[in-house]
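Scroll down for the structure; my scribbles are underneath it.
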Amino acid sequence: MRCPAPFILKLYEILEEGHDRNRIVSWNKEGTGFVVWLPDEFSELLLPRYFKHNNFSSFIRQLNTYGFKKCATNRWEFQHCKFQNGNRHLLQEITRKKCEPSVFPAFLKASSSEPVCGVVDESSDLLLQENENLRREKLELQMQIDQYKSLHMKLSDSLSQYLGNQNQFRRTC
Amino acid sequence: MRCPAPFILKLYEILEEGHDRNRIVSWNKEGTGFVVWLPDEFSELLLPRYFKHNNFSSFIRQLNTYGFKKCATNRWEFQHCKFQNGNRHLLQEITRKKCEPSVFPAFLKASSSEPVCGVVDESSDLLLQENENLRREKLELQMQIDQYKSLHMKLSDSLSQYLGNQNQFRRTC
Amino acid sequence: MRCPAPFILKLYEILEEGHDRNRIVSWNKEGTGFVVWLPDEFSELLLPRYFKHNNFSSFIRQLNTYGFKKCATNRWEFQHCKFQNGNRHLLQEITRKKCEPSVFPAFLKASSSEPVCGVVDESSDLLLQENENLRREKLELQMQIDQYKSLHMKLSDSLSQYLGNQNQFRRTC
DNA sequence: TGCGTTCTAGAATATTCGCTT
DNA sequence: GAAGCGAATATTCTAGAACGC
């Protein structure tokens, strides 16, 4: 891949231009993510300069599309492991999530609507099912990890609050 | 059904109280829907008075949950056939959308009841082994997660002990 | 289908508003199509009022997407059999061309070109791919766990530093 | 339980770019 | 300034899913 995705590049530029606008949006302390401090001003002033809209929700949708995660409960702070202040070369590793339904659900949809076809024999059918189970279980694993990650975030948040602005506990990933 | 859903009732009251606030949100001309003219003011001033948040997106989510549709491309105008100015008695017909179980699981259940046929060709056999491996490895992942979860609990416990009765960590983590 | 596609509706409205703008764009004599007389003015003045761009080529792309055909060699005149002056009710019959690429995934693409006996092989092949995907995704899970484990360690380290030599966190967490 | 709040994803349309003819 | 199309990204609207009360 040659250069970062357009959205990613624009997002980085918004943060690079900084200065006075840092009251609206800025990198977090560790440079491992960014915070939209004033969503209204961000939407009205900055979004139209870089994109073809001024909707905060559309901006959020793009962040999620590229795998960013909201990492604070009381701020519009987002992180992506490849999105770091000063590491412009990492940007090109941030890619859109494949909506690859992974061949499988699509196939099942098709066969469920046309069961008469019977193009796959029984053993293959069982294998299909087995793989489907594996996929589902892996999703559950993912959920557990995510949930646990959320726990970690809350713990960090509470710590920062309790210990004041010594935000050494803010997540560094 | 006795009375309208809480959300629906609050939405109606917001519009009923009208007066000066009509510059922020109001019924449309025909009284067949409503327009949020100033989303920022709406979110900051009105939402907290009626709900436990000030997020416009959460408000939108509720509208969709109850079947409202956005009906203009350049305004935040929403309609629901049972939501009309002056027809308060219709409100109780506005209900949450039920999440249908989707055809998908049904299909899997059906095919899972089939017995193993016995005739399995070579490639399918390999696939079976492969799946077994995947299953085992996933178990190991699960163990790691559980172990890590335990670590997190110990950390939280130690924290609440050390920090005294500021049990914010037991509560939130 | 309820209402016309947004693009179609906007196109019709552009022509309805007529008057002085007819020197820029208008219905043809018979009302069976329309002519963009002045592409530059059209792009600069009218497009931004209705769309999120001012590119004539993007406008053309949309026309083609909905099945309009250029029907003159020396003018920007386009026609679609369902797009006629005065017949607003026909607009909803104008739909996008490509219909079902998402409904017909890899499996059906493969099986559509192969006879039944080949289909099983294809499906086994897809199963192989599927297992490969599962393996890869599980690796990603492992990476997430490892990364998270590292975070936990950092948090513990910071805590024991901040809280002094009460190394209960290093020992137990 | 059902409802509300939050974060993320699905799905359809829109915009851009480049290829084919 | 030829015309049309495939594909990738962008924008919009709605829904899924987890969780708390």
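Residue numbers start from 1 in every chain, and the chains themselves are labelled A, B, ... in the order their sequence lines are given, proteins ahead of strands.
- Distance C:H80 NE2 to E:dG4 C1': 15 Å, rounded to the nearest Å.
- A distance of 8.0 Å separates CD1 in A:I94 from CG in A:L11, rounded to the nearest 0.5 Å.
- Take A:K10 and apply the side chain to side chain contact (heavy atoms under 4.5 Å, CB included) test, not counting sequence neighbours, and it matches A:Y50, A:F51.
- The C1' atoms of five pairs define one axis at each end of the helix from D:dG2-E:dC21 to D:dT21-E:dA2, and these two axes lie 20° apart (to 10°).
- Here the side chains of B:V25 and B:L15 are in contact, with some heavy-atom distance below 4.5 Å.
- Note: NZ (C:K97) to C1' (E:dG4) measures 7 Å, nearest angstrom.
- Counting heavy atoms from C-beta on, the side chains of C:Q79 and C:N28 come closer than 4.5 Å.
- B:N74 places its CG atom 15 Å from the C1' atom of E:dT11, with the value rounded to the nearest Å.
- Looking at A:F34 and A:L63, their side chains come closer than 4.5 Å, going by heavy atoms from C-beta outward.
- Dashed line: the shortest gap from a side-chain N or O of C:H53 to OP1 or OP2 of D:dA14 is not under 4.0 Å.
- Partners of A:K69 under the salt bridge (Lys or Arg N to Asp or Glu O under 4.0 Å) rule, at least two apart in sequence or in another chain, do not exist in this structure.
- C:R61 has its side chain out of reach of C:N55: every pair of non-hydrogen atoms, C-beta onward, lies at least 4.5 Å apart.
- Here D:dT15 presents its P atom at 14 Å from OH of C:Y50, a figure rounded to the nearest Å.
- For the contact set between residues 54-72 of chain B and DNA chain E, defined by any heavy atom under 4.0 Å, the members are B:R61, B:N64, B:K69, B:K70, B:A72.
- For the pair B:K52 and C:F51, both in contact range of DNA chain D, the more 5′-proximal nearest nucleotide belongs to B:K52.
- Along DNA chain E, the nucleotide nearest to A:P6 and the one nearest to C:W76 differ in position, and the one closer to the 5' end is contacted by C:W76.
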Extract from the structure each pairing of a protein N or O with an N or O of nucleotides 19-21 of chain D at less than 3.5 Å, listing the distance.
none

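- Taking atom CD of A:E77 as the reference point, atom P of D:dT8 lies 12 Å away to the nearest angstrom.
- For A:R88, the side chain to side chain donor-acceptor pair (under 3.5 Å) test picks out no residue, with sequence neighbours left out.
- Pairs passing the side chain to side chain donor-acceptor pair (under 3.5 Å) check and including a residue from residues 33-49 of chain A, sequence neighbours excluded, read A:S26-A:W37.
- With sequence neighbours excluded, the residues that form a salt bridge (Lys or Arg N to Asp or Glu O under 4.0 Å) with B:R75 are B:E77.
- Protein atom CG of C:L9 is 11 Å distant from nucleotide atom P of D:dA14, rounded to whole Å.
- Every residue two or more places apart in sequence or in another chain was checked for a salt bridge (Lys or Arg N to Asp or Glu O under 4.0 Å) with A:K70, and none qualifies.
- Annotation: side chain of A:F42 is not in contact with side chain of A:W76 (no heavy-atom distance under 4.5 Å).
- Computed from coordinates, the B:L11 CG to D:dG4 P distance equals 11 Å when rounded to whole Å.
- With rounding to whole Å, C:F78 atom CZ is found 10 Å from E:dG4 atom C1'.
- Listed by chain and residue number, A:F7, A:T65, A:Y66, A:R96 satisfy the side chain to side chain contact (heavy atoms under 4.5 Å, CB included) test with A:Q62 (two or more places apart in sequence, or in another chain).
- Of the residues in residues 35-43 of chain B, none lies under 4.0 Å from DNA chain D by heavy-atom distance.
- With sequence neighbours excluded, the residues that form a ring pair (Phe, Tyr, Trp, His ring centres under 6.0 Å) with A:W27 are A:Y12, A:F83.
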